[in-house]
Trainee: 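Got a structure here, written out as C-alpha coordinates. Questions coming.
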Amino acid sequence: KELEVLEDGAKSAYYTADDVLKWIKSKRNTGSENWLSLLEAIQAVVKRKKTELERYNIELSLKLDSDVLVKTNPKTLEIIIENLLQNAIKFCRGQISIQVAAQNERVLLNIIDDGFGVMDPNTLRKLNTGVAVKSAKGRRGDAGAGLGLLMVSEILKNLGARIRYQNVPDGFLVQLSFPKTPGSIE
(Lines give C-alpha, C1' and ligand atoms only; values in the text may rest on other atoms or scores of the structure.)
Protein backbone atom coordinates (compact mmCIF):
# COMPACT_ATOMS: atom_id res chain seq x y z
CA LYS A 1 0.00 0.00 0.00
CA GLU A 2 2.83 2.42 0.84
CA LEU A 3 4.46 1.70 -2.52
CA GLU A 4 1.20 2.59 -4.28
CA VAL A 5 1.06 5.92 -2.43
CA LEU A 6 4.67 6.64 -3.40
CA GLU A 7 4.00 5.67 -7.00
CA ASP A 8 0.93 7.94 -7.13
CA GLY A 9 2.96 10.82 -5.70
CA ALA A 10 5.76 10.26 -8.20
CA LYS A 11 3.31 10.16 -11.13
CA SER A 12 1.62 13.34 -9.95
CA ALA A 13 4.97 15.12 -9.61
CA TYR A 14 5.98 13.92 -13.08
CA TYR A 15 2.78 15.22 -14.71
CA THR A 16 3.09 18.54 -12.91
CA ALA A 17 6.71 18.98 -14.01
CA ASP A 18 5.80 17.94 -17.56
CA ASP A 19 2.99 20.55 -17.73
CA VAL A 20 5.28 23.27 -16.38
CA LEU A 21 8.01 22.40 -18.90
CA LYS A 22 5.50 22.46 -21.78
CA TRP A 23 4.24 25.85 -20.59
CA ILE A 24 7.78 27.23 -20.49
CA LYS A 25 8.52 25.87 -23.99
CA SER A 26 5.37 27.47 -25.37
CA LYS A 27 6.35 30.85 -23.88
CA ARG A 28 9.94 30.60 -25.11
CA ASN A 29 9.14 29.73 -28.73
CA THR A 30 7.23 32.89 -29.60
CA GLY A 31 9.78 34.17 -32.12
CA SER A 32 9.45 31.37 -34.67
CA GLU A 33 5.80 31.77 -35.62
CA ASN A 34 4.52 30.51 -38.96
CA TRP A 35 1.17 29.54 -40.44
CA LEU A 36 0.83 25.87 -39.47
CA SER A 37 -1.69 23.22 -40.43
CA LEU A 38 -3.92 22.04 -37.60
CA LEU A 39 -4.30 18.65 -39.32
CA GLU A 40 -0.54 18.13 -39.57
CA ALA A 41 -0.16 18.92 -35.86
CA ILE A 42 -2.92 16.43 -34.99
CA GLN A 43 -1.30 13.73 -37.10
CA ALA A 44 2.12 14.34 -35.50
CA VAL A 45 0.70 14.04 -31.98
CA VAL A 46 -1.35 10.94 -32.83
CA LYS A 47 1.79 9.30 -34.25
CA ARG A 48 3.68 9.98 -30.98
CA LYS A 49 0.77 8.64 -28.87
CA LYS A 50 0.26 5.48 -30.96
CA THR A 51 2.16 3.18 -28.57
CA GLU A 52 0.28 4.48 -25.54
CA LEU A 53 -3.08 4.10 -27.30
CA GLU A 54 -2.21 0.51 -28.21
CA ARG A 55 -0.94 -0.32 -24.70
CA TYR A 56 -4.28 0.72 -23.18
CA ASN A 57 -6.35 -0.80 -26.02
CA ILE A 58 -7.83 2.58 -26.91
CA GLU A 59 -9.52 2.91 -30.27
CA LEU A 60 -8.90 6.31 -31.86
CA SER A 61 -11.08 7.47 -34.72
CA LEU A 62 -10.15 10.48 -36.83
CA LYS A 63 -12.58 12.48 -38.93
CA LEU A 64 -10.59 15.34 -40.36
CA ASP A 65 -12.84 17.12 -42.86
CA SER A 66 -11.35 20.57 -42.65
CA ASP A 67 -8.07 22.29 -41.95
CA VAL A 68 -7.10 25.65 -40.61
CA LEU A 69 -3.78 27.42 -40.54
CA VAL A 70 -2.82 28.68 -37.10
CA LYS A 71 -0.15 31.35 -36.68
CA THR A 72 2.14 29.93 -34.02
CA ASN A 73 5.19 27.74 -33.71
CA PRO A 74 4.95 23.97 -34.22
CA LYS A 75 5.63 23.06 -30.59
CA THR A 76 2.89 25.31 -29.23
CA LEU A 77 0.20 23.82 -31.45
CA GLU A 78 1.33 20.28 -30.66
CA ILE A 79 1.46 21.04 -26.90
CA ILE A 80 -2.23 21.98 -27.02
CA ILE A 81 -3.29 18.87 -28.91
CA GLU A 82 -1.06 16.52 -26.94
CA ASN A 83 -2.29 17.81 -23.60
CA LEU A 84 -5.95 17.40 -24.59
CA LEU A 85 -5.37 13.96 -26.12
CA GLN A 86 -3.48 12.90 -22.97
CA ASN A 87 -6.47 13.93 -20.85
CA ALA A 88 -8.79 11.91 -23.10
CA ILE A 89 -6.47 8.90 -22.76
CA LYS A 90 -6.40 9.41 -18.99
CA PHE A 91 -10.18 9.31 -18.56
CA CYS A 92 -11.55 7.23 -21.45
CA ARG A 93 -12.84 3.69 -21.17
CA GLY A 94 -11.54 2.69 -24.60
CA GLN A 95 -12.64 5.11 -27.32
CA ILE A 96 -11.54 8.56 -28.40
CA SER A 97 -12.70 10.50 -31.43
CA ILE A 98 -10.94 13.50 -32.95
CA GLN A 99 -13.03 15.49 -35.42
CA VAL A 100 -12.20 18.63 -37.38
CA ALA A 101 -14.89 20.44 -39.37
CA ALA A 102 -15.67 23.94 -40.60
CA GLN A 103 -18.63 25.80 -39.12
CA ASN A 104 -19.43 29.32 -40.30
CA GLU A 105 -16.29 31.44 -39.85
CA ARG A 106 -14.57 28.94 -37.52
CA VAL A 107 -12.90 25.55 -37.69
CA LEU A 108 -13.84 23.25 -34.81
CA LEU A 109 -11.60 20.59 -33.32
CA ASN A 110 -13.58 18.15 -31.16
CA ILE A 111 -11.90 15.61 -28.91
CA ILE A 112 -14.50 13.24 -27.49
CA ASP A 113 -13.77 10.41 -25.09
CA ASP A 114 -16.07 7.76 -23.63
CA GLY A 115 -15.03 8.48 -20.05
CA PHE A 116 -17.19 9.59 -17.15
CA GLY A 117 -17.02 13.34 -17.92
CA VAL A 118 -17.08 16.05 -15.28
CA MET A 119 -19.79 15.22 -12.78
CA ASP A 120 -19.66 18.39 -10.69
CA PRO A 121 -21.38 21.35 -12.45
CA ASN A 122 -19.19 23.79 -10.49
CA THR A 123 -16.02 22.13 -11.81
CA LEU A 124 -17.38 22.23 -15.36
CA ARG A 125 -18.19 25.94 -14.96
CA LYS A 126 -14.66 26.61 -13.70
CA LEU A 127 -13.15 24.74 -16.65
CA ASN A 128 -15.21 26.78 -19.10
CA THR A 129 -14.18 30.08 -17.51
CA GLY A 130 -10.45 29.28 -17.44
CA VAL A 131 -10.17 28.76 -13.69
CA ALA A 132 -7.71 26.11 -12.48
CA VAL A 133 -9.29 22.98 -11.06
CA LYS A 134 -7.77 20.13 -9.12
CA SER A 135 -7.05 17.22 -11.43
CA ALA A 136 -9.01 14.04 -10.87
CA LYS A 137 -7.40 10.61 -10.97
CA GLY A 138 -7.74 8.93 -14.32
CA ARG A 139 -9.10 5.47 -15.03
CA ARG A 140 -5.58 4.02 -14.81
CA GLY A 141 -4.70 5.78 -11.55
CA ASP A 142 -2.74 8.64 -13.12
CA ALA A 143 -3.20 12.13 -11.73
CA GLY A 144 -1.96 15.57 -12.55
CA ALA A 145 -1.85 18.96 -10.90
CA GLY A 146 -4.58 20.56 -13.00
CA LEU A 147 -2.12 22.87 -14.75
CA GLY A 148 -2.42 21.37 -18.23
CA LEU A 149 -5.90 22.64 -19.06
CA LEU A 150 -5.11 26.06 -17.60
CA MET A 151 -1.99 26.21 -19.80
CA VAL A 152 -3.98 25.16 -22.88
CA SER A 153 -6.65 27.82 -22.21
CA GLU A 154 -4.03 30.54 -21.93
CA ILE A 155 -2.23 29.48 -25.12
CA LEU A 156 -5.50 29.30 -27.08
CA LYS A 157 -6.52 32.75 -25.89
CA ASN A 158 -3.25 34.10 -27.32
CA LEU A 159 -4.03 32.40 -30.67
CA GLY A 160 -7.52 33.91 -30.91
CA ALA A 161 -9.07 30.47 -30.36
CA ARG A 162 -11.64 29.32 -27.82
CA ILE A 163 -12.10 26.17 -25.77
CA ARG A 164 -15.28 24.64 -24.39
CA TYR A 165 -15.81 21.60 -22.17
CA GLN A 166 -19.07 19.68 -22.14
CA ASN A 167 -20.47 16.43 -20.82
CA VAL A 168 -22.03 14.42 -23.65
CA PRO A 169 -24.30 11.35 -23.37
CA ASP A 170 -21.48 8.80 -23.58
CA GLY A 171 -18.49 10.76 -22.34
CA PHE A 172 -16.82 14.15 -22.51
CA LEU A 173 -16.26 16.71 -25.26
CA VAL A 174 -13.45 19.23 -25.50
CA GLN A 175 -14.07 21.64 -28.37
CA LEU A 176 -11.52 24.07 -29.74
CA SER A 177 -12.73 26.79 -32.07
CA PHE A 178 -10.19 28.45 -34.38
CA PRO A 179 -10.90 31.41 -36.65
CA LYS A 180 -10.80 30.49 -40.33
CA THR A 181 -7.79 31.79 -42.17
CA PRO A 182 -7.29 32.53 -45.87
CA GLY A 183 -5.60 29.12 -46.20
CA SER A 184 -8.38 27.13 -44.49
CA ILE A 185 -9.54 24.05 -46.36
CA GLU A 186 -13.13 22.78 -46.17
Side-chain angles (χ1 to χ4, degrees), residues 14-16 18-23 25-27 36-53 56 58-64 66-68 70 72-101 103 106-118 123-124 126-140 142-168 170-179:
Y14 168 79
Y15 288 121
T16 301
D18 189 49
D19 284 343
V20 170
L21 289 172
K22 286 177 183 175
W23 178 268
K25 283 182 187 176
S26 76
K27 292 291 188 185
L36 302 170
S37 163
L38 178 61
L39 294 185
E40 288 176 15
I42 291 169
Q43 290 164 341
V45 170
V46 166
K47 186 177 179 181
R48 282 197 305 271
K49 291 292 186 183
K50 186 176 183 199
T51 304
E52 187 174 3
L53 291 164
Y56 294 128
I58 297 171
E59 180 185 322
L60 176 67
S61 66
L62 298 173
K63 186 175 183 220
L64 310 175
S66 191
D67 196 7
V68 65
V70 179
T72 187
N73 65 70
K75 286 294 171 212
T76 298
L77 193 54
E78 289 179 19
I79 285 169
I80 293 166
I81 297 164
E82 187 163 354
N83 191 287
L84 295 175
L85 181 55
Q86 187 63 46
N87 275 349
I89 291 168
K90 178 178 170 182
F91 293 108
C92 82
R93 289 185 294 233
Q95 293 187 317
I96 298 171
S97 173
I98 298 178
Q99 307 163 355
V100 178
Q103 184 181 63
R106 315 253 339 146
V107 172
L108 303 179
L109 164 60
N110 294 327
I111 300 175
I112 306 163
D113 68 67
D114 66 348
F116 46 80
V118 175
T123 301
L124 193 57
K126 285 180 179 180
L127 283 172
N128 279 309
T129 56
V131 175
V133 296
K134 185 177 180 334
S135 180
K137 275 197 173 190
R139 295 184 61 80
R140 292 155 200 87
D142 42 354
L147 297 176
L149 295 179
L150 185 63
M151 172 188 68
V152 165
S153 294
E154 186 66 29
I155 294 169
L156 287 168
K157 198 182 311 175
N158 292 334
L159 297 176
R162 299 186 295 249
I163 189 165
R164 181 172 65 95
Y165 304 93
Q166 179 181 332
N167 288 314
V168 293
D170 292 319
F172 195 65
L173 163 71
V174 178
Q175 182 177 77
L176 305 183
S177 172
F178 294 93

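These numbers come from the heavy atoms of this one structure, side chains and all, not from hydrogens, waters or symmetry mates.
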Trainee: Closest heavy-atom contact between Ser37 and Leu77?
Mentor: O-CD2, 4.0 Å
Trainee: Is there side-chain contact between Phe172 and Leu124, with heavy atoms separated by less than 4.5 Å?
Mentor: yes
Trainee: Not counting sequence neighbours, list each pair that qualifies as a salt bridge (Lys or Arg N to Asp or Glu O under 4.0 Å) and has a residue in residues 156-166.
Mentor: Glu154-Lys157
Trainee: For the CD atom of Glu59 and the CD1 atom of Ile96, what is their distance to the nearest 0.5 Å?
Mentor: 10.5 Å
Trainee: Nearest 0.5 Å, what's the CE-CG distance between Met151 and Leu156?
Mentor: 10.0 Å
Trainee: Of the non-hydrogen atoms in Arg106 and Gly160, which two are nearest, and what is the gap between them?
Mentor: NH2-O, 3.4 Å
Trainee: Evaluate the side-chain proximity of Leu176 to Leu38: yes if any heavy-atom separation is below 4.5 Å, no if none is.
Mentor: no
Trainee: Are side-chain heavy atoms of Leu159 and Ile80 found at a separation under 4.5 Å?
Mentor: yes
Trainee: Under 3.5 Å, sequence neighbours excluded: what are the donor-acceptor pairs made by side chains of residues 108-116?
Mentor:
| residue | atom | partner | partner atom | Å |
| --- | --- | --- | --- | --- |
| Asn110 | OD1 | Gln175 | NE2 | 2.9 |
| Asp113 | OD1 | Gly115 | N | 2.7 |
| Asp114 | OD1 | Arg93 | N | 2.7 |
| Asp114 | OD1 | Gly94 | N | 3.1 |
| Asp114 | OD1 | Gln95 | N | 3.2 |
| Asp114 | OD2 | Gly94 | N | 3.4 |
| Asp114 | OD2 | Gln95 | N | 3.3 |

Trainee: Roughly how far, to the nearest 0.5 Å, is the CG atom of Leu85 from the CD atom of Glu78?
Mentor: 12.0 Å
Trainee: Report yes if the side chains of Asn87 and Lys90 come closer than 4.5 Å at any heavy-atom pair, otherwise no.
Mentor: yes
Trainee: Under the side chain to side chain contact (heavy atoms under 4.5 Å, CB included) criterion, do Ile89 and Tyr56 qualify, and how do the steps go?
Mentor: CA-CA 8 Å; Ile89 291 168; Tyr56 294 128; 4.2 Å; yes
Trainee: Can you confirm whether Lys49 sits close enough to Val45 that some side-chain heavy atom of one is under 4.5 Å from a side-chain heavy atom of the other?
Mentor: yes
Trainee: Applying side chain to side chain donor-acceptor pair (under 3.5 Å), name anything that partners Ser153, two or more places apart in sequence or on another chain.
Mentor: none
Trainee: Search all heavy atoms of Leu53 against all heavy atoms of Leu60 and return the closest pair with its distance.
Mentor: CD1-CD2, 3.8 Å
Trainee: Nearest 0.5 Å please: distance from the CD1 atom of Ile155 over to the CG atom of Leu150.
Mentor: 10.0 Å
Trainee: For Ile81 and Ala41, work out which heavy atoms get closest and say how close.
Mentor: CD1-CB, 3.7 Å
Trainee: Hey, what do you get for CD (Gln166) to CG (Leu127), rounding to the nearest 0.5 Å?
Mentor: 12.5 Å
Trainee: Starting at OG of Ser97, measure out to CG of Asp170 and round the result to the nearest 0.5 Å.
Mentor: 12.5 Å
